[in-house]
Amino acid sequence: MQKILEKITDIMTSAFEKAGYGAEYGKVSVSNRPDLCDFQCNGAMAAAKAFKKAPIQIANEIVEPLKENVAFESIEAVMPGFINIKIADAFLAEHLTGMKNSEKFGLEKPEKVKTIVVDYGGANVAKPLHVGHLRPAVIGESVKRICKYMGHNVIGDAHLGDWGLQMGEVIEELRLRKPDLPYFDPDFKGEFPKEAPFTISDLEEIYPAASARMKEDDDFAVKCHEATVRYQKRERGYAELGQHIINVSKVDLKRNYDNLDVHFELWKGESDADPYVKDMVDAMVKSGLAFESQGALVVDIREEGDKKEYPPCIIRKSDGAAIYETTDLATLVQREQDYKPDMVIYVVDKRQELHFIQVFRTAKKAGIVPADTDLRFIGNGTVNGKDNKPFKTRDGGTLRLEALIKMVNDAVYDKIMESREESPEDAAKTAKIVGLAALKYGDLSNQATKDYIFDTDKFTSFEGNTGPYILYTIVRIKSILNKYREKFGEPGELSEIKAPSGTSEKNLMLKISSFHDMLENAFKDTAPHVVCRFVYELADAFNGFYHDTKILTEEDKEKREGWIALLELTKGLLECGIDLLGFSAPDRM
Ligand code: ARG
């Protein structure tokens, strides 16, 4: 169905056209003075310049024939030439009834369905997830859900880091401990065991031990680098062992991401891009795009109009090793081959911005992706402690993501136990749901690129701009609806939303009507914080209405049913909103 802004814009454009000024002046926006009007149109100001007339004269001309329009409660021209519009209550109610009774609240399918790859999460195998992995996972998941909801074909890829030095470290440490494993015997021709020679708990101990050893033992460090190269060169035993590291690690990563309600369609890794590297590099050399510089193979990425000096993109280091830029480029070759994406979105720490500028420019110059492919980098800010520096544990170490989640869940659990008599099991279940909302909302309500301070007390509060507050509002609506059913039975399926009877009700209805435009903006800017703002304002508008209205004791059946329909719609939108953010509401809290 048409969005409310489109409906009003249509009326205004045809008015401007009829008066001989042209449709382009009829653009309408949500009023930034809600005390004066709901919507405004500033087209007369622009038309005045083009037609050399006083703006107020044009505004009056436009407004006059629209005074009787059923869509408007009032429409007036005000100095120096603005048009202020108050929407008619019945018109608004009818629009909301339409939303309530349509699939996806009447959201239209996109004109062109895009294929979008979202590269997010940023996990590296063999290493535990830490606080730095929170944002790429949480923001990426939400961005993915927003794109999907808009009707696009979206593929989320974990793009595991499985090509780096940590692989050589783990392999070399294993060799020290179990030198007799067949993987290390170059003459071994038999079949390797199916079972990995380590468990996930072994791995959790092996990697830090290897890292510590690297720092103290130069000889070991050299061997780790060598093992990495042998792994990257796909030496049989090393490749096999590497695959075991990936497989064992993946199980654990999946469990962790499941806990965050983050789910990838693809679990590809950097290693999957390797088969594409050779041809890609050869082509770049052949075309002259890549050239030797100080022993390395590089691509000059500078462009006219650059305000900064950008270093070249290194494709191959002097020691022959492929690097981060190369695997990301080869991954684009692979994605182009498999999906031909219209858009590839990367949600990664903003400190990697230069890397992505280099990769994007090289990919376009080399023709790896078509010129119009939208390659988009969402560089996320850091999660900071109260000292406004990247979050650390008390002893200065890196905080594991699991520990961070537990911290939030514990805080919510305490709160629930404090205020209610609930069994510890039920409280723990609820705490998990509410804790996730606290964590994700605390993160997503900040603009992705900004750093934020992780404040458990604030995030878990049931009041204010928090996840738990949104959930609390949904739970409240659920409880009213349950009471209503107990008292009056099932409301009619298609019950109509009635014209508002007061200011707070109209506020709620106007907020609801902005859903589609909000979504479009969230999608255009790939910005989950826009959805956060909407659900918060919607929850607030609902609570204002609830405060002013005795819903269940209303005698007038029609009125009561209209409100119930309004509640159903509000609940539906809040639930849709939090689903786009990546969390859900409990039945009670
Ligand atoms: N694993 C990388 C890291 O830990 C992040 C990967 C981001 N995605 C990408 N396509 N480069 O820094």
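- For the pair P136/V348, no side-chain contact is recorded, criterion being any heavy-atom separation below 4.5 Å from C-beta on.
- The side chain to side chain contact (heavy atoms under 4.5 Å, CB included) search around E505 returns P500, S501, M509, F545, W563, L566, not counting sequence neighbours.
- Between Q2 and D10, the closest side-chain pair of non-hydrogen atoms falls below 4.5 Å.
- Looking at residues two or more places apart in sequence or on another chain, you find no ring-ring contact (aromatic ring centres under 6.0 Å, His included) involving Y149.
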Residues 60-80, side-chain donor-acceptor partners within the protein, below 3.5 Å, at least two apart:
| residue | atom | partner | partner atom | Å |
| --- | --- | --- | --- | --- |
| N60 | ND2 | I56 | O | 3.2 |
| E61 | OE1 | Y21 | OH | 3.0 |
| E61 | OE2 | Y21 | OH | 3.2 |
| K67 | NZ | I75 | O | 3.0 |
| N69 | OD1 | A71 | N | 2.9 |

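- Using a cutoff of 4.0 Å between basic side-chain nitrogens and carboxylate oxygens, R588 and E422 are scored as salt-bridged.
- Smallest separation of non-hydrogen atoms from G577 and V531: O-CG1, 3.7 Å.
- No donor-acceptor pair closer than 3.5 Å links the side chain of E418 to the backbone N or O of K415.
- Legend: ring pair (Phe, Tyr, Trp, His ring centres under 6.0 Å) pairs involving residues 461-492, not counting sequence neighbours, sorted by first then second residue: Y469-Y536, Y484-F488.
- Annotation: side chain of L481 is in contact with side chain of R485 (closest heavy-atom distance under 4.5 Å).
- Considering NZ of K559 and NZ of K498, their distance stands at 11.0 Å, rounded to 0.5 Å.
- Checking side-chain atoms of K487 against main-chain N and O of L552 turns up a donor-acceptor pair under 3.5 Å.
- Put simply, the side chain of T526 does not reach to within 4.5 Å of the side chain of V347, judged on heavy atoms.
- A donor-acceptor pair is defined here as one N or O able to donate and one able to accept, closer than 3.5 Å; such a pair exists between the side chain of K478 and the backbone of P586.
- A side-chain donor-acceptor contact under 3.5 Å links D258 and H263.
- Side-chain contact check for Y546 versus S504: every heavy-atom pair is 4.5 Å or farther apart.
- Residues F264 and H159 place their aromatic rings such that the two centres sit no closer than 6.0 Å.
- With sequence neighbours left out, N259 forms a side-chain hydrogen bond (donor to acceptor under 3.5 Å, both in side chains) with no residue at all.
- When the salt bridge (charged side-chain N to carboxylate O under 4.0 Å, His left out) test is applied to K386, no partner is found at least two apart in sequence or on another chain.
- Formation of a donor-acceptor pair under 3.5 Å by the H130 side chain with backbone atoms of G132 is found in this model.
- The pair D410-K406 counts as a salt bridge, with a side-chain nitrogen and a carboxylate oxygen less than 4.0 angstrom apart.
- Between the side chain of K450 and the backbone N or O of G381, no donor-acceptor pair lies under 3.5 Å.
- Within the 3.5 Å criterion, the main-chain N or O of I345 finds no donor-acceptor partner in the side chain of R376.
- E558 CD: 12 or fewer foreign heavy atoms inside a 6.0 Å radius.
- A heavy-atom distance below 4.5 Å is not found between the side chains of K432 and K429.
- Atoms CD1 and CG, from I497 and L508 in turn, are 9.0 Å apart once rounded to the nearest 0.5 Å.
- Panel note: side chain H516, backbone F105; a donor-acceptor pair is recorded below 3.5 Å.
- Within the model, atoms CG of L574 and CG of D579 stand 12.5 Å from one another, a figure rounded to the nearest 0.5 Å.
- Legend: residues meeting side chain to side chain contact (heavy atoms under 4.5 Å, CB included) with T393, ordered by chain and number and at least two apart, are D395, L399.
- When each of V344, D157, L266, I116 is paired with Y339, the side chain to side chain contact (heavy atoms under 4.5 Å, CB included) condition holds for L266 and for no other.
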Derivation and outcome, side chain to side chain contact (heavy atoms under 4.5 Å, CB included), residues F459 and Y441: CA-CA 8 Å; F459 290 1; Y441 191 92; over 6 Å; no
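- Within the structure, every pair that satisfies the side chain to side chain donor-acceptor pair (under 3.5 Å) test and touches residues 28-43, not counting sequence neighbours, is listed here: R33-D35, D38-K506.
- Judged purely by atom type and a 3.5 angstrom limit, T449 has no side-chain atom pairing as donor or acceptor with the backbone of N380.
- Rounding to the nearest 0.5 Å places NZ of K440 at 8.0 Å from OG of S142.
- Between E141 and K144 there is a salt bridge, since a side-chain N of the basic residue sits under 4.0 Å from a carboxylate O of the acidic one.
- Of the inter-residue distances, the one linking L567 atom CG with I477 atom CD1 reads 5.5 Å to the nearest 0.5 angstrom.
- Shown here are the salt bridge (charged side-chain N to carboxylate O under 4.0 Å, His left out) partners of D414, two or more places apart in sequence or in another chain: there are none.
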Side chain to side chain contact (heavy atoms under 4.5 Å, CB included) evaluation trace for I416 with M589: CA-CA 7 Å; I416 295 174; M589 63 188 273; 5.7 Å; no
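- A donor-acceptor distance shorter than 3.5 angstrom exists from the side chain of T9 to the backbone of L5, with no hydrogens or angles considered.
- Remark: K49 engages no residue in a side-chain hydrogen bond (donor to acceptor under 3.5 Å, both in side chains) (not counting sequence neighbours).
- For K350, the NZ atom is densely surrounded, since the number of other residues' heavy atoms within 6.0 Å is greater than 12.
- Put simply, the side chain of K389 does not reach to within 4.5 Å of the side chain of N384, judged on heavy atoms.
- P128 is linked by a side chain to side chain contact (heavy atoms under 4.5 Å, CB included) to R400, counting only residues two or more places apart in sequence or in another chain.
- The side chain to side chain contact (heavy atoms under 4.5 Å, CB included) check on A123 picks up L129, L160, L253, Y257, with sequence neighbours excluded.
- Residues M150 and P110 form no side-chain contact, since every pair of their non-hydrogen atoms from C-beta on lies 4.5 Å or further apart.
- With respect to K557 and E561, a salt bridge is recorded, a charged nitrogen being found less than 4.0 Å from a carboxylate O.
- Taken from CG in D119 to CD1 in I378, the straight-line distance is 11.0 Å, to the nearest 0.5 Å.
- Salt bridge status for E555 with K550: absent, with no side-chain N to carboxylate O gap under 4.0 Å.
- Judged purely by distance below 3.5 Å, without hydrogens or angles, the side chains of N543 and T473 pair a donor atom with an acceptor atom.
- Although no hydrogens or angles enter the test, the distance criterion places a donor-acceptor pair under 3.5 Å between the side chain of E108 and the main chain of M1.
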